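Single-structure report; data block below.
Whatever order the structure lists them in is the order used to number ligands and atoms, beginning at 1. Along the sequence shown, the residues carry numbers beginning at 1. Note that the structure is a prediction, hence the values are computed from the model and not measured.
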Amino acid sequence: MVSCLKTKKQNTQAAKSFLVTKGWLDTSYCMGKSGKYVLLAITDKADTKAILAKFMGSIEQRNILKVKLETRTIKDALSNVIPAEELDKINRGFEAIGDIAVIEIPEGLSKLEVNIAWALKRIHKHIKVVAKKDKKTSGKYRIRKVKVLVGDMRTETVHKESGARLKLDLNKVYFSPKLGSERLRILRQVKPKENILNMFAGVGPYPIVFAKNKKDITQTAIELNPAAVRYFKQNLKLNKLEKRITLIKGDAKVEVPKLKQKFDRIIMVLPEKAHEFLPHALKVANKGAMIHIYQFEARDDADRRAQELKKMTGAKAVKPVRAGGFSPKIDRFCFDIQLP
Ligand SMILES: C[S@@+](CC[C@H](N)C(=O)[O-])C[C@H]1O[C@@H](n2cnc3c(N)ncnc32)[C@H](O)[C@@H]1O
């Protein structure tokens, strides 16, 4: 037996959303039905007076079915929460950054966003916050804002990747776990004793993952966003790398020409603008250096762009490597520029 709100069927959606928002819906039970009424299981903490003030009905002790324990996918978890015809719109995937899950709410389902978020949190026990993508990546610091839907009211977390711990706030800095495989791809190319420059370093994922996995390299990183620089410094401590990476706060256009050294590998992750910085990179590149520059390109244009970059830099070879999607027609490419 469990306490239930018994209310008319037409109130179902509004009552569920209300109970979910308050944290009073006991999601371990299925929704019950009784003639013209629905039965929604409520938690011990639920304020029954507040519920009855909002919805006509009664609070009753009822025997209703428990949700199947083998519920695994978000669609399964939502099958008794949102109408079947809406289920197909739900995207099964989400992006996990530390203990924060970032989801995209499909068009037309914003009224159910909290229900969707709770379902996801219930299935994935390590997730403590569920947030939705709120705005597109924008501004000179390339931040993609999120809005917390359920869980702790925070956007700061520690993400673990390839032996590194990266502390960051999603609403203050850029970070994409999707680039994790790119970091490993480039890491595999790094040779002993390399001197590496990272021009747009963010909170430090490339340099920190590299340093954690290669003991005999030296690295310099430049970053403009003061919040990202603050997190980068904390991450150096967190990973005990203070002595192994030189961090410069500032604009790469100003800071690179001041550098008194040359580099064997230069990494440029600023897809919209990195090409503007290419002349600066070439001036500090060692003979035979490799430049990894990220750009957004239409899939069919990548080879043409590689040829352009080859001409522009006098490279021996330029190889486009697809590094994730951006929009239906545009992908993110990393162009590996091998200098002579
Ligand atoms: C797309 S993010 C990549 C960050 C990091 N490399 C990563 O993979 O998480 C680009 C970063 O470049 C920084 N940025 C933008 N313009 C810059 C500039 N002129 N000089 C240095 N950093 C810059 C932004 O603040 C942002 O953190």
(request) Using a strict cut-off of less than 4.0 Å between a Lys/Arg side-chain nitrogen and an Asp/Glu carboxylate oxygen, indicate whether R62 and E60 qualify as a salt bridge. (result) yes
(request) Please confirm whether P205 comes under 4.0 Å of ligand 1, counting heavy atoms of the residue only. (result) yes
(message) Looking at ligand 1, is there an atom of it that comes within less than 4.0 Å of some heavy atom belonging to E255?
(response) no
(message) Salt bridge or not between E161 and R183? Use side-chain N to carboxylate O under 4.0 Å.
(response) yes
(request) Verify whether one side chain among D336 and H292 offers a donor that lies under 3.5 Å from an acceptor in the other. (result) yes
(message) Under a 4.0 Å threshold between the charged nitrogen and the carboxylate oxygen, would K253 count as salt-bridged to E276?
(response) yes
(message) Please compare F232, F200, Y174 and report which has the shortest non-hydrogen distance to atom 12 (O) of ligand 1.
(response) F200
(message) Any heavy atom of F277 closer to ligand 1 than 4.0 angstrom?
(response) yes
(request) For Y206, counting its heavy atoms only, list the atoms of ligand 1 lying under 4.0 Å from any of them. (result) 8 (O)
(request) Would you indicate which of L179, L224, V254 comes nearest to atom 23 (C) of ligand 1 when only heavy atoms are counted? (result) L224
(message) Just to check, does K273 reach to within less than 4.0 Å of ligand 1 when the distance is taken from its heavy atoms?
(response) no
(request) Specify side chain, backbone, both or neither for K253, according to which of its non-hydrogen atoms lie closer than 4.0 Å to ligand 1. (result) neither
(message) Can you tell whether the side chains of E104 and K132 come within less than 4.0 Å, N to carboxylate O?
(response) no
(message) Less than 4.0 Å is my threshold; does some heavy atom of G250 fall inside it relative to ligand 1?
(response) yes
(request) Report the relative orientation of the aromatic rings in F18 and W24; use parallel for angles under 30°, tilted for 30 to 60°, perpendicular for over 60°. (result) perpendicular
